[in-house]
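Here's the structure we're looking at; comments come further down.
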Amino acid sequence: MPIPVRIGIVGGGASAVCMLDALSQRDEVPGSVTVFDPSPHLWRGRAYQPDAATLRVNAPPEDMTVRDGDPEHFTHWLQARRVVLGKGSDHLDPLSRIVFPPRALYGDYLEQCARSALSRLAARGARIALVREAVVGLARRDGALLARTGDGGAHVLDRAVLCVGTGKPADPHGLEGSAGFIADPYPVVQQLAGIGRSDRVVVVGSGLTAVDVALTLAAAGHTGGVALASRHGILPGVRQRPVEYELRHFSAAHFRAMAARGGRLTLADAVALMHAELAAAGCDAEALAREISSCGREDPLVRLGRQTALVDSGDIGLRILQRAVPDAGPDVWPLLGESEKSQLLARHYRTVMSMCCPMPASSAATLLGQAERGLFEVVRGVEKIMPRSSGGFEVHSEEGLREADVVVNAVSPPVHRIPRGAAALVGSLEEQGLGVLHPRGGVRVARATSGLLREGEVDRQVYALGDLASGSLFFTFGVPSLVDRAVDIAEAVHRQSARSALGSADPVVV
């Protein structure tokens with residue numbers, strides 16, 4: 001029998017799919033589930049909409065599953081798809097031997113997972129509704145929540161999970177509206193279609209989105225040259241061939257136990273634990289330290305070539321780091337003091353993102369091949385990019401002045417981490433006293449439940465999942481993190497509903 005709770009999921013991207021799957025796997029399901037999303041590609045979000053096959057996921061299949069406790073879920077889906085459709089590409093990276101399917105194909109997986117979760121919920125008595133409108137306001141009314149949608153509708157809920165996704169790129173150089181400026185590269189099949197084969201292209205940014213643009217143009221036979229332009233010129237690292245390894249010291253379980261005891265952690269403590277992890281695995285900690293310290297100092301293409309050559313390295317230290325930080329990072333983060341969090345973000349964030357969100361080795365090989373042909377480069381020390389009165393753009397950097405015909409924006413979303421489409425909703429959270437903006441982005445949430453946090457008290461009705469929780473949490477965007485947080489939210493909803501049925505109060509957990 002369903003528990004008497006009405007849940008609203010605001011947003012219909014990957015985080016919403018993880019939330020639906022978590023709810024559908026519990027012994028007791030909610031009485032009703034309503035999903036609000038106006039986007040044309042439900043369940044896919046911005047990242048996994050139909051697009052070019054050149055855009056691949058950047059993590060192995062076990063890190064892309066939406067099913068908690070089942071790392072083979074996506075792999076089995078891929079295998080079943082091949083059986084049903086007949087022989088097709090296995091999307092195997094020839095260098096790392098990791099399967100990296102196209103992101104649009106992963107979007108198909110998300111769609112099917114969402115439909116399956118909704119079917120399971122409905123079969124067990126939950127009422128399902130899809131509202132193809134954005135939620136523009138949320139308020140508390142008589143112990144319940146009132147969600148207002150853009151069409152003037154009002155929906156009564158008991159719990160709301162905010163899965164509003166990521167925003168579009170910021171515009172640091174104020175180029176919006178300039179001829180030849182592409183403000184958002186996705187979907188690349190549409191946004192990049194107007195770039196001439198011989199156009200000189202500058203991509204603002206040097207992360208995974210910038211790499212997507214460069215790979216797409218390379219696949220199209222572009223000959224005008226592509227330059228990734230940013231302040232630091234830090235490219236994503238190169239993912240090495242995986243190995244089986246279980247974390248012993250720098251593990252999520254260890255840090256969760258610390259949190260349960262009320263413990264605190266310093267960056268020095270975290271580094272010491274990582275050293276212990278590396279020592280236990282027989283790795284060269286000094287070599288890894290040099291790898292970290294050279295990020296941003298070493299020539300980007302030299303670094304890319306060196307890391308590509310290390311795909312099969314016998315030292316697994318980098319692989320341990322790439323595993324440990326995303327897995328345990330969300331549990332380390334709440335244990336750090338605020339000053340150390342700020343220090344980590346200011347000094348090391350780009351390094352962490354580069355090393356722990358790497359590109360496939362074959363992508364790196366393609367970029368290196370383009371560079372050898374004089375068609376790809378990385379420009380560091382960018383100061384400003386401005387349109388020219390005669391057309392095109394000027395790029396001013398510490399490496400001199402260069403000209404471009406087209407500028408493609410591939411920087412991160414604005415620091416506040418609130419998508420433009422969710423601005424009205426987040427504004428209403430502030431007005432109604434439901435939420436507080438976090439100075440590092442998004443809204444304040446509690447680590448244990450992802451419930452909105454205000455003046456030390458955790459909201460038991462409103463939760464944030466994904467980028468909207470980025471200020472309070474860490475690694476809010478990776479699928480494993482989304483799955484973990486979705487399970488936490490599902491447990492919190494169930495626990496509170498059970499306590500309400502017994503007439504007892506749920507203790508506040510910060």
(message) Under a 3.5 Å distance rule, please check whether Ser428 uses its side chain to pair with a backbone N or O of Leu425 as donor and acceptor.
(response) yes

(message) Can a donor-acceptor pair be found, under 3.5 Å and without considering hydrogens, that links the side chain of Arg124 to the backbone of Asp27?
(response) yes

(request) Look only at the side chain of Asn409 and the backbone of Ala183, and say whether a donor-acceptor pair between them is shorter than 3.5 Å. (result) yes

(request) Could you tell me if the ring centre of Tyr109 sits under 6.0 Å from that of His73? (result) yes

(request) For the pair Arg132 (side chain) and Ser39 (backbone), establish whether a donor and an acceptor sit closer than 3.5 Å, ignoring hydrogens and angles. (result) yes

(request) Just do the side-chain contact (heavy atoms from CB on, under 4.5 Å) check on Arg67 and Gln25 with the steps written out, would you? (result) CA-CA 9 Å; Arg67 177 67 48 81; Gln25 294 302 308; 3.4 Å; yes

(request) Just do the side-chain contact (heavy atoms from CB on, under 4.5 Å) check on Asp158 and Ile7 with the steps written out, would you? (result) CA-CA 6 Å; Asp158 299 305; Ile7 293 182; over 6 Å; no

(request) Return the minimal non-hydrogen interatomic distance between Ile98 and Arg239, and the atom names on each side. (result) CD1-CD, 3.7 Å

(request) Could you tell me whether the side chain of Ser470 and the main chain of Asp467 form a donor-acceptor pair under 3.5 Å? (result) yes

(request) Nearest 0.5 Å please: distance from the OG atom of Ser450 over to the CG atom of Asp484. (result) 10.0 Å

(request) Answer yes or no: are there more than 12 heavy-atom neighbours, outside Lys168 itself, under 6.0 Å from its atom NZ? (result) no

(request) List the atom of Leu465, the atom of Ser15, and the distance in Å for their closest heavy-atom pair. (result) CD2-O, 3.4 Å

(message) On a heavy-atom basis, which atom in Ala147 and which in Phe36 lie closest, and how many Å separate them?
(response) CB-CZ, 4.5 Å

(request) Flag the pair Thr449 / Val458 as yes when at least one side-chain heavy-atom distance between them is below 4.5 Å, and no otherwise. (result) yes

(request) Please examine the side chains of Val462 and Leu145, heavy atoms only from C-beta on, and report whether any two atoms are closer than 4.5 Å. (result) yes

(request) State, yes or no, whether a side-chain contact exists between Leu130 and Leu42 at a heavy-atom distance under 4.5 Å. (result) yes

(message) Does any part of the side chain of Thr149, heavy atoms only, come nearer than 4.5 Å to the side chain of Val131, both counted from C-beta?
(response) yes

(request) Taking the side chain as every heavy atom from C-beta outward, state whether Arg103 and Arg44 have any atom pair closer than 4.5 Å. (result) no

(message) To the closest 0.5 Å, what do you measure between CG (Asp37) and SG (Cys163)?
(response) 10.0 Å

(request) For the pair Trp43 and Asp108, evaluate side-chain contact (heavy atoms from CB on, under 4.5 Å) and give the outcome as yes or no after the intermediate values. (result) CA-CA 9 Å; Trp43 313 125; Asp108 293 344; over 6 Å; no

(message) For the CG atom of Leu162 and the OH atom of Tyr463, what is their distance to the nearest 0.5 Å?
(response) 11.0 Å

(request) Tell me, yes or no, whether the heavy-atom count around Glu338 atom CD, taken from other residues, nucleotides or ligands under 6.0 Å, exceeds 12. (result) yes

(message) Could you measure the distance from the CZ atom of Arg350 to the CG atom of Leu235? Nearest 0.5 Å is fine.
(response) 13.5 Å

(request) Say whether, by atom type as modelled, one donor and one acceptor occur between the side chain of Glu133 and the main chain of Gly153 under 3.5 angstrom. (result) no

(request) Heavy atoms only: give me the nearest Leu452-Gly435 pair and the separation to one decimal. (result) CD2-CA, 3.9 Å

(message) With rounding to the nearest 0.5 angstrom, report the CE to OG1 distance, Met64 to Thr75.
(response) 11.0 Å

(message) Using every non-hydrogen atom in the two residues, find where Ser24 and Asp21 come nearest and quote the distance to one decimal.
(response) OG-O, 2.9 Å

(request) Please lay out, stage by stage, how Thr266 and Asp269 fare under the test side chain to side chain donor-acceptor pair (under 3.5 Å). (result) CA-CA 5 Å; Thr266 66; Asp269 295 333; 3.0 Å; yes

(request) Answer yes if the ring centres of His41 and Tyr48 are under 6.0 angstrom apart, and no otherwise. (result) no

(message) Given 3.5 Å as the limit, does a donor-acceptor pair link the side chain of Ser472 with the main chain of Ala469, or not?
(response) no

(request) Please tell me if the side chains of Leu429 and Val436 come closer than 4.5 Å, counting only heavy atoms from C-beta onward. (result) no

(request) Would you give the length of the straight line joining atom CZ of Arg56 to atom CG of Asp93, rounded to the nearest 0.5 angstrom? (result) 8.5 Å

(request) Search all heavy atoms of Glu340 against all heavy atoms of Leu336 and return the closest pair with its distance. (result) OE1-CD2, 4.1 Å

(message) Evaluate Val443 against His438 for side-chain contact (heavy atoms from CB on, under 4.5 Å), listing each step before the verdict.
(response) CA-CA 5 Å; Val443 295; His438 197 291; 6.0 Å; no

(message) Closer than 3.5 angstrom, by distance alone: can the side chain of Ser230 be matched with the main-chain N or O of Gly205 as a donor-acceptor pair?
(response) no

(message) Could you check whether any side-chain heavy atom of Cys356 comes within less than 4.5 Å of a side-chain heavy atom of Arg323, counting everything from C-beta outward?
(response) no

(request) Kindly check if the number of other-residue, nucleotide or ligand heavy atoms within 6.0 Å of CZ (Arg26) is above 12? (result) yes

(message) So for atom CZ, which belongs to Arg140, do other residues, nucleotides or ligands contribute more than 12 heavy atoms lying within a distance under 6.0 Å?
(response) yes

(message) Please check this pair: side chain of Ser251 against backbone of His254, looking for a donor-acceptor N/O pair closer than 3.5 Å.
(response) yes

(message) Check whether Ser363 reaches the backbone of Met359 with its side chain - one donor and one acceptor, N or O, closer than 3.5 Å.
(response) no

(request) Find out whether Ile320 and Leu247 are in side-chain contact, i.e. whether some heavy atom of one side chain is under 4.5 Å from a heavy atom of the other. (result) yes

